[in-house]
Protein chains: 2
Amino acid sequence: MSTKPKPHPQQNHLLAALAPDVQARLFPHLELVPLPLRSLMYESGRTMRHVYFPTDAIVSLQYIMENGASTAILVVGNEGLLGISLFMGGQGTPSRSIVQSAGHAYRLPRPMVKEEFNRHGQLLLLMLRYTQALITQVAQTAVCNRHHSIDQQLCRWLLLSMDRLSHNQLTMTQEFIGNMLGVRREGVTQAALKLQQLGVISYSRGLIKVLDRDKLETLSCECYGVVKKETELLLPYLPQRQVITNVAAIPVVKLPTV
Amino acid sequence: MSTKPKPHPQQNHLLAALAPDVQARLFPHLELVPLPLRSLMYESGRTMRHVYFPTDAIVSLQYIMENGASTAILVVGNEGLLGISLFMGGQGTPSRSIVQSAGHAYRLPRPMVKEEFNRHGQLLLLMLRYTQALITQVAQTAVCNRHHSIDQQLCRWLLLSMDRLSHNQLTMTQEFIGNMLGVRREGVTQAALKLQQLGVISYSRGLIKVLDRDKLETLSCECYGVVKKETELLLPYLPQRQVITNVAAIPVVKLPTV
DNA sequence: CAACTTCTGTGCGATATCGCACCCAAGCTC
DNA sequence: GAGCTTGGGTGCGATATCGCACAGAAGTTG
């Protein structure tokens with residue numbers, strides 16, 4: 001593994017979209033945290049103390065049932081943030097957040113979020129737009145769970161994940177994917193085999209490489225497209241501002257576009 | 001049918017929870033609209049021009065697939081509002097809203113919503129809390145669609161609807177429920193038969209009477225309980241303030257607690 | 001009351017997924 | 001490289017749901 005450059009806050013689209021003065025106000029309070037694979041970021045019942053802005057990690061939000069069964073209802077990457085409940089007024093949610101692809105996030109402590117909320121500023125507006133995109137994703141997950149095959153859902157899942165990565169490799173076992181989709185491991189095996197035979201992915205011991213993204217999209221159900229379109233509408237991707245914040249605490253690393 | 005008293009804005013829990021001065025500011029702009037059964041309140045692609053606060057109607061939010069299949073992801077009654085996207089910053093959502101139980105709603109035109117939003121006032125705060133409850137409901141729908149039987153989902157559906165009514169009758173055909181749950185009509189028939197045989201409901205040509213609500217809850221999956229608990233946590237029911245707004249335009253009708 | 005429409009009940013074969021048991025292959029450890 | 005652990009592939013019967021076809025029952029219309 002090569003020594004990687006420290007991620008920059010602006011890798012997160014929401015942070016990047018903030019006006020320079022807002023960035024100047026907030027960035028000094030950001031804290032970089034590594035998010036190791038499979039680590040638990042939040043668990044039902046706890047209180048969230050920070051809002052997290054992923055830069056190069058992917059986090060999944062799961063609902064867990066009494067009998068242990070689970071379903072992922074949301075994928076969050078550098079397009080969004082984790083912890084909207086801090087804005088919403090709740091303490092937490094009946095869900096669990098798990099790191100699905102290792103990486104980092106910048107986090108903002110609760111008091112800062114509150115302060116920023118009270119300013120009624122740009123971060124609140126962005127958070128609201130993101131929330132609407134989030135609702136669309138969750139809703140579409142509900143629809144997908146009802147109407148589509150495991151095959152299609154696997155495609156959707158892979159695409160949602162790919163969109164939040166800068167490379168084409170995912171590290172997750174079929175068992176893990178099964179937990180996320182709320183289906184049996186064997187079901188994922190079957191679906192993944194089909195995709196392999198079609199040359200769309202290669203899969204070996206927890207490492208998935210997406211070989212043919214276009215084909216993956218045609219094999220997926222419409223759910224992926226709906227979510228993607230809606231997200232782009234609400235959060236048009238702003239090319240990263242190369243704003244040099246004059247805040248010493250934040251090292252400005254010029255990064256290739258994600 | 002007896003002549004019913006005109007619904008009062010305060011039948012809607014969110015409107016009722018507003019402080020007197022906010023009520024005084026907003027209520028003159030409210031407009032009462034009847035919501036006939038099965039009427040379409042919103043369709044994907046259109047622009048929402050109002051926020052709706054149901055008083056005695058129930059509205060369902062559906063997602064429609066390309067092939068016409070659908071799933072309801074949300075039930076809205078007098079505990080909430082319709083049109084959060086007006087606060088969120090979007091134009092609309094890829095969904096459809098249909099009146100599932102006839103009644104009324106008060107609506108607030110878009111410009112007023114915007115103005116109120118900019119005040120950063122109580123309505124915004126309430127809307128945010130409601131949104132979090134909404135997300136929980138949608139997420140739990142996703143989980144339920146994945147893991148639970150039609151029987152259980154029917155119970156959940158009936159309970160969600162009952163909670164938003166002051167009586168115990170629902171007017172919907174099995175075909176309609178099938179559309180809402182995203183299952184076949186025959187599936188609903190089977191499930192409804194079981195409930196009838198258990199003496200939990202009676203069902204005849206589109207009219208459902210809930211006879212044993214407690215039993216219905218035990219037969220339902222945990223999803224109902226999770227949503228209910230979370231909603232109560234976020235939107236503790238405030239007994240209706242009997243505030244006499246001095247706004248002539250709003251007739252103050254003293255109503256029994258809903 | 002006859003004809004029609006709407007809503008509900010039933011039967012049946014097809015299909016997807018499940019739960020479980022088991023095996024094999026790849027990588028890790030000592 | 002022997003043994004262990006982890007991840008992936010396979011087979012099989014059980015089950016839930018689907019798609020479809022059709023019958024009967026309850027209202028509605030003429």
Side-chain angles (χ1 to χ4, degrees), chain A residues 37-38 65 67-71 100 142-158 169-198 200-209 219-221 223, chain B residues 37-38 65 67-71 100 142-158 169-198 200-209 219-221 223:
Chain A
L37 198 59
R38 308 286 172 266
M65 324 264 331
N67 66 11
S70 64
T71 310
Q100 184 215 304
V143 173
C144 203
N145 282 351
R146 162 64 64 223
H147 292 291
H148 297 136
S149 67
I150 296 186
D151 298 16
Q152 292 174 307
Q153 292 184 53
L154 176 59
C155 293
R156 172 176 64 87
W157 177 260
L158 292 177
Q169 296 196 359
L170 288 166
T171 307
M172 33 191 178
T173 64
Q174 301 186 346
E175 173 84 43
F176 182 80
I177 298 182
N179 278 328
M180 289 299 162
L181 297 183
V183 301
R184 286 178 320 153
R185 194 262 314 160
E186 295 91 324
V188 177
T189 302
Q190 298 303 330
L193 276 176
K194 287 185 206 168
L195 290 183
Q196 282 194 80
Q197 279 155 18
L198 291 170
V200 177
I201 63 169
S202 77
Y203 205 143
S204 166
R205 296 191 75 69
L207 186 67
I208 307 173
K209 292 181 196 171
L219 291 172
S220 174
C221 46
C223 297
Chain B
L37 198 60
R38 307 287 172 266
M65 323 263 333
N67 67 9
S70 64
T71 309
Q100 183 215 306
V143 173
C144 203
N145 281 353
R146 162 64 64 222
H147 293 290
H148 298 136
S149 67
I150 296 187
D151 299 15
Q152 292 174 306
Q153 291 183 52
L154 176 59
C155 293
R156 172 177 63 88
W157 177 258
L158 292 177
Q169 296 196 357
L170 289 165
T171 307
M172 34 191 176
T173 65
Q174 301 185 346
E175 172 84 41
F176 182 79
I177 297 182
N179 277 329
M180 288 300 161
L181 298 183
V183 300
R184 286 178 321 153
R185 195 261 315 158
E186 294 91 326
V188 177
T189 302
Q190 298 303 331
L193 276 177
K194 288 184 205 169
L195 291 183
Q196 282 194 80
Q197 280 155 16
L198 291 170
V200 178
I201 63 168
S202 77
Y203 205 142
S204 166
R205 296 191 75 71
L207 186 67
I208 307 173
K209 292 180 196 172
L219 291 172
S220 173
C221 47
C223 297

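Nothing here was measured: the structure is a model prediction, and the numbers come from that model. To find a chain, count down the sequence lines: A is the first, B the second, and so on, and within it residues start at 1.
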Colleague: Please report, rounded to the nearest Å, how far the P atom of D:dT6 is from the CG atom of A:L207.
Modeller: 19 Å
Colleague: Is any side-chain heavy atom of A:M65 less than 4.5 Å from a side-chain heavy atom of B:R146?
Modeller: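 No, side chains not in contact.
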Colleague: If you compare all heavy atoms of A:K194 against all heavy atoms of A:D151, which two are closest, and at what distance to 0.1 Å?
Modeller: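 So the minimum-distance heavy-atom pair works out to NZ-OD2, 2.6 Å.
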Colleague: Starting at atom CD of A:E175, determine the distance to atom C1' of D:dG8, rounded to an integer number of angstrom.
Modeller: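 Atom-to-atom, A:E175 to D:dG8, this comes out as 11 Å.
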Colleague: Please identify the 5'-most and 3'-most nucleotides of DNA chain C with any atom under 4.0 angstrom from a heavy atom of chain B.
Modeller: C:dT6 to C:dT10
Colleague: Heavy atoms within less than 4.0 Å of DNA chain D: which residues of residues 144-154 of chain B have one? Give them sorted by number.
Modeller: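 Of all residues in residues 144-154 of chain B, the ones placing a heavy atom under 4.0 Å from DNA chain D are B:S149, B:I150.
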Colleague: Rounded to whole angstrom units, what separation is found between the CZ atom of A:R38 and the C1' atom of D:dT6?
Modeller: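 So the CZ-C1' distance, A:R38 to D:dT6, works out to 13 Å.
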Colleague: Return a table of donor-acceptor pairs under 3.5 angstrom between the side chains of residues 182-190 of chain A and protein atoms on other chains or two or more places apart.
Modeller:
from: A:R185; atom 1: NH1; to: A:T189; atom 2: OG1; distance (Å): 3.3
from: A:T189; atom 1: OG1; to: A:Q174; atom 2: OE1; distance (Å): 2.7
from: A:T189; atom 1: OG1; to: A:R185; atom 2: O; distance (Å): 3.2

Colleague: Nearest heavy-atom pair of B:M172 and B:Y203: which atoms, and what distance?
Modeller: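 Residues B:M172 and B:Y203, closest heavy atoms: O-OH, 2.8 Å.
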Colleague: Counting side-chain heavy atoms from CB outward, which of D:dG27, D:dG7, D:dT10 is closest to A:Q190?
Modeller: D:dT10
Colleague: Could you state the atom-to-atom distance from CD1 of A:I201 to P of D:dG8 in whole Å?
Modeller: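 Checked: the CD1 to P distance equals 11 Å.
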Colleague: Under 3.5 Å, side chain of B:Q169 to main-chain N/O of B:L207, donor-acceptor pair present?
Modeller: no
Colleague: Give a yes or no answer on whether the side chain of B:T71 reaches the backbone of A:V143 with a donor-acceptor pair at less than 3.5 Å.
Modeller: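 Between the backbone of A:V143 and the side chain of B:T71 there is no qualifying donor-acceptor contact (under 3.5 Å).
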Colleague: On DNA chain D, compare the nucleotides closest to A:E186 and A:R205; which residue's is nearer the 5' end?
Modeller: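 Going by which nucleotide is closer to the 5' end, it is A:R205.
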Colleague: Take the protein atom CG of A:L193 and the nucleotide atom P of D:dG7, then report the distance between them rounded to whole Å.
Modeller: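 Going from CG in A:L193 over to P in D:dG7 covers 17 Å.
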Colleague: Just so I know, are the side chains of A:H147 and B:N145 near enough to count as touching, which here means a heavy-atom distance under 4.5 Å?
Modeller: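 No, every pair of side-chain atoms sits at 4.5 Å or beyond.
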Colleague: Nearest heavy-atom pair of A:L219 and A:C155: which atoms, and what distance?
Modeller: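 Minimum heavy-atom contact is CB-SG, 3.7 Å.
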Colleague: What heavy-atom pair brings A:I150 and A:A191 nearest, and what distance separates the two atoms?
Modeller: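 Closest heavy-atom pair between A:I150 and A:A191: CG2-CB, 4.1 Å.
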Colleague: Pick base, sugar-phosphate or nothing for B:G187, based on heavy-atom distances below 4.0 Å to the nucleic acid.
Modeller: nothing
Colleague: Which whole-number value in Å describes the distance from A:R184 CZ to D:dG11 C1'?
Modeller: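 After rounding, the reported distance stands at 11 Å.
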Colleague: How many whole angstroms separate atom CZ of A:R185 from atom P of D:dG7?
Modeller: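 Distance check: A:R185 CZ to D:dG7 P gives 11 Å.
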Colleague: Which nucleotide in the set D:dG27, D:dA21, D:dG9 lies at the smallest distance from any side-chain heavy atom of A:Q196?
Modeller: D:dG9
